[in-house]
Amino acid sequence: MEYNFSKLEPKWQKYWEENKTFKTNDDFSKPKYYILDMFPYPSGAGLHVGHPEGYTATDILSRYKRMKGFNVLHPMGYDAFGLPAEQYAIQTGTHPATTTQKNCDNFRRQIKKIGLSYDWDREINTTDPKYVKWTQWIFKQLYNTWFDKDLKKGRPISELPIPEDIKAAGKKAVQEYIGEKRLAYYDNAQVWWCDSCKTVCANEEVLTDGSHEKCGHQVIRKNLKQWLLRIPHYAERLLEGLDDLDWPAGVKDMQRNWIGKSTGAEVDFEIDGLNKKLKVYTTRPDTLFGATYMVIAPEHELVNEIVTGDKKEAVENYIKTAALKSDLDRTDLAKEKTGVFTGRYAINPVNNKHIPIWVADYVLMGYGTGAIMAVPAHDTRDFEFAKEFNIPVICILDPKEAEEREAILSGNKCWTEDGEYINSASEKTGLNINGLNKSAGIKKTVTWLAEKGIGKATDNYKLRDWLFSRQRYWGEPFPVIHWEDGEVTLVEDNNLPLQLPELEKYTPGESGESPLSNAEEWLNVTDKNGRKGRRETNTMPQWAGSCWYYLRYIDPHNEESIFDVEKEQYWMPVDLYVGGAEHAVLHLLYSRFWHKVLYDLGIVSTSEPFQKLFNQGMILAFAYETATGAKVASDLVEEREGKYYHTETGEELRQIVAKMSKSLKNVVNPDDVIDKYGADSLRLYEMFMGPLDERKPWAENGVKGVYNFLNKAYYFFANTNNIVDGEEDKETIKLLHQTIQKVEHDIENLKFNTGISALMVFNNLAKKKGKVTRQTAETFAKILAPYAPHLAEELWSIYGNNKTLAYEPWPEVDESLLKENTHQYPVSFNGKMRFKLELPLDMPKDEIEKTVLANENAQKWIGDKTVRKFIFVPKKIINVVVG
RNA sequence: GCCCGGAUGGCGGAAUUGGUAGACGCGCUGGAUUCAAAAUCCAGUUCCGGCAACGGAGUGUGGGUUCGAUUCCCACUCCGGGUACCA
């Protein structure tokens, strides 16, 4: 009776498929549970061992919830637009759809081999025209929505009030006005361009080192006409919404940081000799008295007016140089501060002092107002700049006990912490905040500014408009036509989806033309009046399809609408969403934004899409490096007595943990693992490796470990000679119920590693006992089922059941069996455990004390010392303090 | 720099609200089985000393609170992730 997984597993996979065991019905009478995986990009390389990690976790929970009586929605699909298929098309001429189809088929085959309980009738694919139709439809909703700042919500563009003066200016002005309000708009934008991918990319896709997230090449700035989405309108809503979500704190933090809210004030400065005001944004209006100069960004619109005659040349040169610099150079912190004086002065409103206006590239046009007031005494950047250019430094916060107080007070050192205000009063203007603390100082100054009409409290966000178009072929076409008279119209709903044209060549243009501009026939359109137009040639980014896929699973075949209203109300929100942390600010922020727009429009019923989020940790691999840190491919490493050596040079190597990579030859393919050990072993090992949310290295010996467990479990539980009738042994039934409880608790908390350990412990005991009752065996099969479903189904059928155990009720824990009458107490002396003593749980404390102190073992530890204290914690510990 | 996370045997990792550190698995050691090996089974396995009983040390480092700290507090080191002239 051998554990023949290679026969047993396909048998049950076939059974599940033929019986549609995991087909989800929209039975609204049952409690629902929507459990979602981040769907994969079907790459040509096939599944990586990282995929089954999250997928197994959600599968265990799905199977468990079904047994608990829930109606479970657990679907799978493919995020199939993307560059690799297109690049392959450029090289070989194969249509990306063909490559994509092939890869999806391979992914499906691999996923099915793991025995995951998806409802395959709900499979979706973002490249499917039936899906694209609704992605384009959502784009149209975004285009036709404006954000009402008073109501703090998106509203249909038809409800946008048009000011009278705009109306009076004519149709074109009205169209322009509306265009400025739409959540999706087409305009010139300073964008990130990847010269390797020949496409633009979003801020979120540019890594810290200025490289493109997809390919690693440095991105550059370009000015191109692009589609953008006004996600900053939703900044506050996206921020507030985080509070009620059951998400990892780290991901919430990352989103908060990315949104980057800061609270401060806008202040208008008069410009000496110019009838204009210079508006700055500051988080510290209370430090106005310390403002000794101002800085405007080189791109600031007032630069040319501010600069005085004799400084014109110097300023122009500086602006030119700044424009040539790459953004990476400009934002390099190590760089020395540069800047030029404009020759003009602003008037500090709190004390009427004239302060010089400088142009410097450390002030960015994209944040705040592109102009700052500089307070060198209390801002390190301003201090650096002031020292470089000999600008006065006025200390306005007394550092009190600080070591270098004198240096700070005299303006020779920067002080960025709090203190009491000094030098912060002016008889001319009547403002005095001396002696106040920070919050009072801010409050008083802002009130004063507001009363004078020269400033007001404002919030600022780092979040920028989302660049939403790409110069690629393999993406959703925008349902947009640009007409020769300048009008822009959208493709009618009944003409959606707007499908991609067939192309001979997929190569993008050198300077940012999409490959679609080659599709003459598709491109040019004429309306019924003979007016000519061109279709939009950009396509949507890959994020578009993944922004809303969780909604389509609810009703994937609906051709009439995006989904059925009742079904959406039943299934949403997603109860648990599992995936990698790399999407913390990309997909997860974009999705939330779209969802909130759809919510405002009354299309979805929840304000947030994903109630609970869980990030699985990355699966790494052991790798080897020489003493100098050079990496060595795994096939050149041999192990001798626990040490590692280079097979060619004989050099001793160090074992490290690193990402799996082709070059290190340590990539693990799930297919190989399944062939060798079976799907249940793969599932079990990935869950047994360690906590789901931590990164951990793959070790094949670990797979052998769980394989041994399954082998032993099969050997014992599949042997009907070991399964008897009658009453269960006391120790066995007690452990069984402890195990049910532990496994249940651990599944609910996604702590699968310890749940598996509990199953192993029970298996070890059963084997030792040699016999269990049929009821025990069936219970064991049930609690094993979420983890190792193939083996569990096999055992279940061996016990004579002729239908799947997928919907068998989860075993109830019999609390009475878990009750203890005695407890084995560890007895400690001065905190050090010395011996154990079994005592009744109902024994009163004083009697326990007597019993313990009278104990022979205890006497040895007390000796001639005095018992100072006796600590007794019921069901925990006894500690005797002697001395 | 700032924000988050982590550090426990030879290895992956366990340890409800502070209460027996090292569950479970791997590896290793010894034994059984075998002509032999693999597989399997049994026993042992934190380190140091000891045949053992047992004793001492021990959860990155240094300090603190406590009868008692892997767990709480303070200061640091190292590793991972995010982010950065954001005013």
Side-chain angles (χ1 to χ4, degrees), chain A residues 207-208 248-258 260-262 264 280-284 287 295 297 330-335 337 360-364 366-375 379-382 384-385 460-463 581-582 584-585 615 617-618 620 622 641-643 655 657 684-685 688-691 693-709 711-712 715 745 751 753-761 763-764 767 824-836 868-883:
Chain A
L207 302 182
T208 321
V251 176
K252 287 196 192 183
D253 278 335
M254 277 165 68
Q255 291 215 350
R256 285 196 189 103
N257 288 339
W258 192 261
K261 179 178 182 171
S262 76
V280 303
Y281 173 73
T282 175
T283 53
R284 296 296 301 272
T287 60
V295 185
R330 249 183 90 165
T331 55
D332 185 359
L333 258 178
K335 181 186 71 103
K337 294 273 181 295
D361 65 5
Y362 82 93
V363 170
L364 308 173
Y367 185 78
T369 61
I372 62 159
M373 63 173 208
V375 185
D379 180 287
T380 50
R381 294 154 302 175
D382 295 347
E384 241 177 80
F385 190 86
N460 236 307
Y461 300 89
K462 286 191 219 170
L463 191 63
E582 66 275 17
V585 285
N615 294 128
M618 197 187 295
L620 306 169
F622 287 115
E641 289 163 12
K643 289 184 174 176
Q655 190 184 52
V657 169
L684 222 50
Y685 175 60
F688 190 61
M689 288 174 86
D693 53 353
E694 260 164 50
R695 35 169 49 212
K696 50 231 163 214
W698 183 274
E700 185 164 343
N701 277 337
V703 189
K704 274 189 213 158
V706 294
Y707 171 75
N708 285 342
F709 160 63
N711 223 326
K712 284 189 261 182
Y715 201 76
H745 177 265
K751 294 170 82 173
N753 52 335
T754 47
I756 293 168
S757 148
L759 289 166
M760 287 172 168
V761 171
N763 185 50
N764 289 343
K767 215 175 68 166
Q824 208 183 41
Y825 282 97
V827 182
S828 302
F829 287 81
N830 292 342
K832 191 99 193 162
M833 205 282 285
R834 294 303 178 185
F835 62 91
K836 286 173 194 169
R868 307 237 177 243
K869 209 168 180 181
F870 186 86
I871 288 135
F872 166 66
V873 184
K875 274 191 111 171
K876 294 272 183 195
I877 199 175
I878 290 162
N879 189 21
V880 186
V881 185
V882 294

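Each chain gets a letter, A, B and so on, in the order the sequences are listed, and its residues count up from 1.
- The distance from atom CE of M833(A) to atom C1' of A57(B) is 16 Å, rounded to the nearest whole Å.
- Rounded to an integer number of Å, the gap from CZ of F709(A) to C1' of U40(B) is 17 Å.
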| said: For K704(A) and N701(A): C-alpha separation, side-chain torsions, deciding distance, then whether side-chain hydrogen bond (donor to acceptor under 3.5 Å, both in side chains) applies. | reply: CA-CA 5 Å; K704(A) 274 189 213 158; N701(A) 277 337; 3.3 Å; yes

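- At a threshold of 4.0 angstrom between heavy atoms, the contacts of V761(A) are confined to the sugar-phosphate backbone, with no base atom among them.
- Residue K252(A) is out of contact with every strand shown, counting any heavy-atom pair closer than 4.0 Å.
- Annotation: ring pair (Phe, Tyr, Trp, His ring centres under 6.0 Å) contacts of F688(A) (sequence neighbours excluded): none.
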| field | Base-pair map of RNA chain B as dot-bracket, where | denotes pairing with a different strand and pairs are Watson-Crick or G-U under 3.5 Å | value | (((((((..(((......[....)))((((((.......))))))((((....))))..(((((..]....))))))))))))....

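- Among the protein residues, N708(A) comes within range of the sugar-phosphate backbone only, with heavy atoms under 4.0 Å from sugar or phosphate atoms but none that close to a base.
- Nucleotides U17(B) and G49(B) are separated by 38 Å at their P atoms, to the nearest Å.
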| note | Going 5' to 3' through nucleotides 4-17 of chain B and flagging B where a protein heavy-atom sits under 4.0 Å of the base, S where only the sugar-phosphate is that close, and - otherwise, we get S-------BSSS-B

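- Every salt bridge (charged side-chain N to carboxylate O under 4.0 Å, His left out) that R284(A) has, sequence neighbours left out, goes to D286(A).
- Looking at heavy-atom distances under 4.0 Å, N460(A) makes no contact with the nucleic acid at all.
- A distance of about 43 Å separates the C1' atoms of U70(B) and A87(B), rounded to the whole Å.
- Heavy-atom nearest nucleotides on RNA chain B were determined for N879(A) and for Y461(A), and the one closer to the 5' end corresponds to N879(A).
- Both the sub-6.0 Å distance and the 45° axial angle are satisfied by K337(A) relative to the ring of Y362(A).
- For E694(A), there are no salt bridge (charged side-chain N to carboxylate O under 4.0 Å, His left out) partners, not counting sequence neighbours.
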Tell me which donor-acceptor pairs under 3.5 Å the side chains of residues 872-883 of chain A have, and how far apart each pair is, sequence neighbours excluded?
| residue | atom | partner | partner atom | Å |
| --- | --- | --- | --- | --- |
| N879(A) | OD1 | G831(A) | N | 3.0 |

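- Note: CZ (F835(A)) to C1' (C54(B)) measures 15 Å, nearest angstrom.
- Contacts of K704(A) with the nucleic acid, taken as non-hydrogen atoms under 4.0 Å apart, are absent.
- Both G831(A) and G705(A) sit near RNA chain B, but only G705(A) has its closest nucleotide nearer the 5' end.
- Using a 4.0 Å heavy-atom distance criterion, K875(A) is classed as making no nucleic acid contact.
- Distances shorter than 4.0 Å separate none of the side-chain N or O atoms of Y281(A) from OP1 or OP2 on A87(B).
- Under 4.0 angstrom from either OP1 or OP2 of A84(B) there lies no side-chain N or O belonging to N257(A).
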